[in-house]
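FYI, the numbering just counts along the sequence from 1. When reading the values below, keep in mind they use all heavy atoms of this one structure, side chains included, and skip hydrogens, waters and symmetry mates.
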Amino acid sequence: MSQSITYVREGFIEAEKPPTSDSSAFAWIRHNLFASWKDSLLTVIALAALVYYLPKAIDWLFLSAVWTGVDRTACLTTDQGGQLPAGWSGACWAYVNDRFVQFMFGSYPRSELWRPLLVAGMFVALLVPFLIPKVPRKGLNAILLLVVLPIVAYFLLLGGSFGLRYVETSLWGGLMVTLIISFVGIVMSLPIGILLALGRRSSMPILKTVCIGFIELIRGVPLITVLFMASVLLPLFLEPGNNIDKFLRALIGVSIFASAYMAEVIRGGLQAIPKGQYEAADALGLNYFHKMTFIVLPQAIKLVIPGIVNTFIGMFKDTSLVTIISMYDLLGIVKASFGDSGWITPVTPLTGLIFAGFVFWIFCFGMSRYSAFVERRLDKGHKR
């Protein structure tokens with residue numbers, strides 16, 4: 001008795017064309033902006049807000065703005081004592097242009113500005129190749145950027161040696177102070193944070209207790225308290241006449257504050273490493289230093305790159321709190337300029353704050369984009 005087997009194919013199916021990926025702009029809009037009715041509703045609301053607010057913002061910031069002028073009369077209307085028509089409202093970029101050098105360098109002597117400009121040029125020349133993965137000699141680049149440059153910058157900016165005029169730190173200000181404090185904080189907080197995280201996970205009770213106490217104490221108070229303690233309370237424990245420069249106090253306060261937060265970020269990465277990685281390192285006969293340096297820490301740091309950069313960004317913005325010890329960063333010196341009688345206008349404060357916010361946004365956005373680039377580059381195990 002014959003039986004037909006229907007599920008056995010007698011011939012090959014003709015090959016079909018591979019599915020085409022629609023990478024057009026219309027497909028991107030459909031998938032990202034109108035994928036569902038909720039997305040469509042939010043997109044419509046966002047577009048309506050842009051249509052309503054964006055033209056007004058562009059007009060206030062650029063079209064109706066005043067770009068040149070020597071004093072406040074350039075940004076005042078006729079009924080306020082100026083020359084602009086009544087009812088005018090726009091940004092006063094003439095005020096920012098007039099105070100630009102002050103916003104960048106504070107009260108640093110104008111005849112000595114070549115010194116911070118030289119430091120800035122060296123910083124950019126060393127930072128750019130350090131951030132590009134394919135540039136060789138990273139070790140030498142790191143030594144020059146993280147060790148040699150701070151020493152050279154110290155003698156250049158402060159002076160008092162090699163025939164350079166001494167410039168006390170109370171004259172420093174503006175973006176220069178913001179970058180110096182954030183750079184020192186970033187450079188110091190990462191290694192100290194790693195050591196604190198390892199100490200907190202240590203099996204030695206005394207070391208573990210000290211690290212936990214330091215981290216919880218610093219994380220339990222705001223940065224402004226740490227700066228106040230470094231500025232006011234620290235001199236009380238020193239001998240009379242043995243005072244520490246207030247700018248150095250700010251550097252120490254910001255560094256230890258950021259280190260405590262960095263330690264918890266690193267500890268989160270260490271806890272995410274599977275136990276098998278530690279056991280494999282032990283099976284290979286690696287000691288503690290080699291196990292952490294070559295096996296555990298590289299994986300842990302890769303996992304917490306967003307948290308590390310988030311700490312850096314927060315620290316960069318928190319530099320504005322140094323005004324508590326009479327040091328003026330970019331935001332502090334912009335706010336201090338509002339009292340300048342030569343530029344008191346109704347639009348001056350908003351213009352200055354927008355300028356400061358835009359500068360902060362440039363640096364913070366740059367750090368976030370580079371963080372995303374590093375994540376994609378190190379994400380070897382999930383590439384498609």
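A heavy-atom distance below 4.5 Å is not found between the side chains of Thr77 and Pro85. Counting heavy atoms from C-beta outward, Leu198 and Tyr288 have side chains that approach closer than 4.5 Å.
At least one donor-acceptor pair under 3.5 Å links the side chain of Thr351 to the backbone N or O of Cys92. Listed for the Arg115 side chain is a donor-acceptor partner under 3.5 Å among the backbone atoms of Leu156. With hydrogens and angles disregarded, no donor-acceptor distance shorter than 3.5 Å links the side chain of Asp71 to the backbone of Trp343. With hydrogens and angles ignored, the 3.5 Å screen pairs no side-chain donor or acceptor of Thr319 with any backbone N or O of Ser182. A donor-acceptor pair is defined here as one N or O able to donate and one able to accept, closer than 3.5 Å; no such pair exists between the side chain of Trp93 and the backbone of Phe62.
Around the CE atom of Met292, the shell of radius 6.0 Å holds more than 12 heavy atoms that belong to other residues, nucleotides or ligands. In this structure, Phe214 places its CZ atom where more than 12 heavy-atom neighbours from other residues, nucleotides or ligands lie under 6.0 Å away. Counted within 6.0 Å of CZ on Phe34, heavy atoms from surrounding residues, nucleotides or ligands total more than 12; the atom is thus considered enclosed. In this structure, Gln83 places its CD atom where only 12 or fewer heavy-atom neighbours from other residues, nucleotides or ligands lie under 6.0 Å away. Within a 6.0 Å radius of CD1 in Ile206, no more than 12 heavy atoms belonging to other residues, nucleotides or ligands are found. By the 6.0 Å contact criterion, CZ on Arg110 is enclosed, its count of non-hydrogen atoms from other residues, nucleotides or ligands being greater than 12. Within 6.0 Å of the OH atom in Tyr278, the count of heavy atoms belonging to other residues, nucleotides or ligands exceeds 12.
Among residues two or more places apart in sequence or in another chain, the salt bridge (Lys or Arg N to Asp or Glu O under 4.0 Å) test is passed with Asp282 by Lys291. In this structure, the side-chain contact (heavy atoms from CB on, under 4.5 Å) partners of Ser170, at least two apart in sequence or on a different chain, are Glu168, Lys246.
Across all non-hydrogen atoms, the minimal contact from Val322 to Ala250 is CG1-CB, 4.2 Å. Here the closest heavy-atom approach between residue Leu196 and residue Ser259 is recorded as CD1-O, 4.0 Å.
Between Phe358 and Phe355, the ring center distance fails the sub-6.0 Å criterion.
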(message) Pair Phe373, Tyr370 - check ring pair (Phe, Tyr, Trp, His ring centres under 6.0 Å), show working.
(response) CA-CA 5 Å; Phe373 164 75; Tyr370 185 76; 5.8 Å; yes

(request) Applying side chain to side chain donor-acceptor pair (under 3.5 Å), run through Trp60 and Ser89 and close with a yes or a no. (result) CA-CA 7 Å; Trp60 194 91; Ser89 180; 3.0 Å; yes

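Note on Glu264 versus Arg200: salt bridge recorded, some NZ/NE/NH1/NH2 to OD/OE distance being below 4.0 Å.
Residue pairs meeting the ring pair (Phe, Tyr, Trp, His ring centres under 6.0 Å) criterion with at least one partner in residues 304-328, sequence neighbours excluded, are Phe316-Phe360, Phe316-Phe363.
Cluster annotation: Met327 and Phe338 are assigned to the same hydrophobic cluster (Ile/Leu/Val/Met/Phe/Trp/Tyr, side-chain heavy-atom contacts under 4.5 Å, transitive).
Looking at Thr345 and Thr348, their side chains do bring a donor and an acceptor atom within 3.5 Å of each other. Looking only at atom types and distance, the side chain of Tyr95 has a donor-acceptor partner in the side chain of Ser337 under 3.5 Å away.
Ring orientation note: the planes of Phe294 and His290 are tilted relative to one another, at an angle of 30° to 60°.
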